[in-house]
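Take a look at the structure below.
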Amino acid sequence: MANGLWRKGLAFISTTQRSKTFTTLETMCNAATARNWIVQALGSDAAVAKHFVAVSTNAREVKEFGIETAHMFGFWDWVGGRYSMDSAIGLSIILAIGPENFGAMLSGFHAMDEHFRTAPLAMNLPILLGLLSVWYNNFFEAQTVGIMPYSAALARFPAYLQQLQMESNGKHVDLEGRTVDYQTGPVIWGEPGTDAQHSFYQLIHQGTKLVPCDLIGFCRPLSQYREHHNLLMANLFAQAEGLAFGRTADELAAEGASAFQIPFRVMEGNRPTNIILADALTPQSLGSLVALYEHSVFTQGTVWAIDSFDQWGVELGKILATRITEELQSGGEPSPVHDSSTNALIRRYCHRRG
């Protein structure tokens with residue numbers, strides 16, 4: 001991440017490089033580009049030590065890159081990046097929102113951690129959320145979960161939860177290495193607010209697929225436009241009611257719908273939803289919200305007896321991408337170790353790129 005600050009003709013450039021191993025291909029490519037930019041602009045390799053910091057667990061690679069290890073923010077090498085936004089990995093967050101707000105977010109994490117650790121099972125929010133996911137996934141064959149935040153500020157939250165949940169629980173063997181004969185992690189997807197209603201809610205209401213949904217809302221708006229927020233929340237409550245209770249043929253007939261139209265307008269209801277309603281979207285509530293889903297993922301993995309903390313599928317992609325990148329940069333023939341389809345794609349790409 002690069003930040004530029006200009007005051008009275010003075011240019012201050014800080015660059016933060018984040019990679020646990022300091023070997024992630026695309027991350028290091030971006031870092032090398034930023035490094036070259038700063039070296040060329042300031043005229044010396046020594047500028048790297050003065051204008052870069054690193055977030056990593058690999059001190060040797062950090063030093064070789066030219067960053068002083070005293071400027072390296074370390075963290076536990078056994079914690080996956082998707083569980084690390086509240087550690088040194090969150091350096092870019094604290095730069096963006098400030099230490100006070102970051103501290104409030106950490107307090108939200110801590111509050112949910114303590115709730116998960118101490119609350120009785122019947123009142124434990126992450127456990128209930130995780131068990132509901134297992135229930136619908138394994139006993140109702142619902143293979144996806146929709147995450148619908150009624151807040152534009154959480155537009156990317158479903159994408160964040162995709163990594164958290166699908167990278168953690170997308171596993172096909174149990175802790176003993178045996179192939180499971182049941183479904184594990186569901187597909188996570190979603191979009192914010194009323195945009196989603198005009199996009200795919202039709203399928204959720206009347207389609208042939210069961211799609212459990214988490215609807216996330218807030219009692220107080222971030223802006224002064226309370227009327228707008230009331231309309232937004234009215235839609236959240238209305239969708240929850242409609243998904244739960246639907247619309248019967250008798251109700252439609254009583255409203256004057258024609259006999260021909262009634263089958264098209266009936267909604268069966270009984271579509272499962274979780275309503276997560278917080279007072280306001282604050283750094284603290286965001287921390288609790290993220291921790292809620294983190295512990296839910298752990299709960300699911302425990303029930304399924306899988307390892308929620310490895311990611312060998314991701315590692316395979318990195319290994320193959322490194323090999324193919326070398327071939328693309330060399331301009332030579334692709335390696336014979338690839339299959340015929342991959343080799344044909346590489347050849348066509350190299351030919352067409354010019």
Quiz item: Would you call the rings of Tyr201 and His205 parallel, tilted or perpendicular if under 30° counts as parallel and over 60° as perpendicular?
Solution: tilted

Per-pair distances, 0.1 Å, donor-acceptor, side chain in residues 217-230, under 3.5 Å, sequence neighbours excluded:
residue, atom, partner, partner atom, Å
Ser223, OG, Tyr225, N, 3.2
His229, NE2, Phe218, O, 2.6
Asn230, ND2, Arg226, O, 3.4

Self-check item: Between OG on residue Ser341 and CD1 on residue Ile346, distance to nearest 0.5 Å
Solution: 9.5 Å

Exercise. Flag yes if Val314 and Phe309 sit in one hydrophobic cluster, no otherwise; membership is Ile, Leu, Val, Met, Phe, Trp, Tyr, and two members link when side-chain heavy atoms are under 4.5 Å apart.
Key: no

Self-check item: hydrophobic_cluster_shared for Leu132 and Phe116, side chain cutoff 4.5 Å
Solution: no

Quiz prompt | Interatomic spacing from CD1 in Ile127 to CG in Leu121 - rounded to 0.5 Å | solution = 4.5 Å

Quiz item: If Ile, Leu, Val, Met, Phe, Trp and Tyr residues are connected whenever their side-chain heavy atoms lie under 4.5 Å apart, and connections chain through other members, are Val134 and Tyr136 in the same group?
Solution: no

Quiz item: side-chain contact (heavy atoms from CB on, under 4.5 Å) between His115 and Leu292: does it pass, once the steps are laid out?
Solution: CA-CA 9 Å; His115 169 79; Leu292 168 68; over 6 Å; no

Self-check item: Donor + acceptor pair across side chains of Gln284, Ser288 (<3.5 Å)
Solution: no

Quiz prompt | Residue His110 excluded, over 12 heavy atoms near NE2 under 6.0 Å | solution = no

Exercise. Could you point out which residue of Gln162, Glu167, Glu294 forms a side chain to side chain donor-acceptor pair (under 3.5 Å) with Arg82?
Key: Glu167

Quiz item: Under 4.5 Å between side-chain heavy atoms, hopping through other hydrophobics if needed: is there a path connecting Ile67 to Trp37?
Solution: yes

Practice problem: Kindly work out whether a path of hydrophobic side-chain contacts (I/L/V/M/F/W/Y, heavy atoms less than 4.5 Å apart) joins Val180 to Val187. | Solution: yes

Practice problem: List the steps, then state whether side-chain contact (heavy atoms from CB on, under 4.5 Å) holds for Val290 with Phe157. | Solution: CA-CA 9 Å; Val290 173; Phe157 191 60; 4.0 Å; yes

Exercise. Mind running side-chain contact (heavy atoms from CB on, under 4.5 Å) on Asp45 and Arg35 for me, showing each step along the way?
Key: CA-CA 9 Å; Asp45 285 341; Arg35 187 186 192 281; 3.8 Å; yes

Quiz prompt | From CA spacing to verdict: side-chain contact (heavy atoms from CB on, under 4.5 Å), Ile276, Leu125 | solution = CA-CA 10 Å; Ile276 300 173; Leu125 295 180; over 6 Å; no

Could you pull out every donor-acceptor pair under 3.5 Å between side chains of residues 192-200 and any protein atom, sequence neighbours left out?
residue, atom, partner, partner atom, Å
Gln197, OE1, Tyr150, OH, 2.7
Gln197, NE2, Asn235, OD1, 2.9

Quiz item: Can you tell me how far CD of Gln183 sits from CD of Gln143, rounded to the nearest 0.5 angstrom?
Solution: 5.0 Å

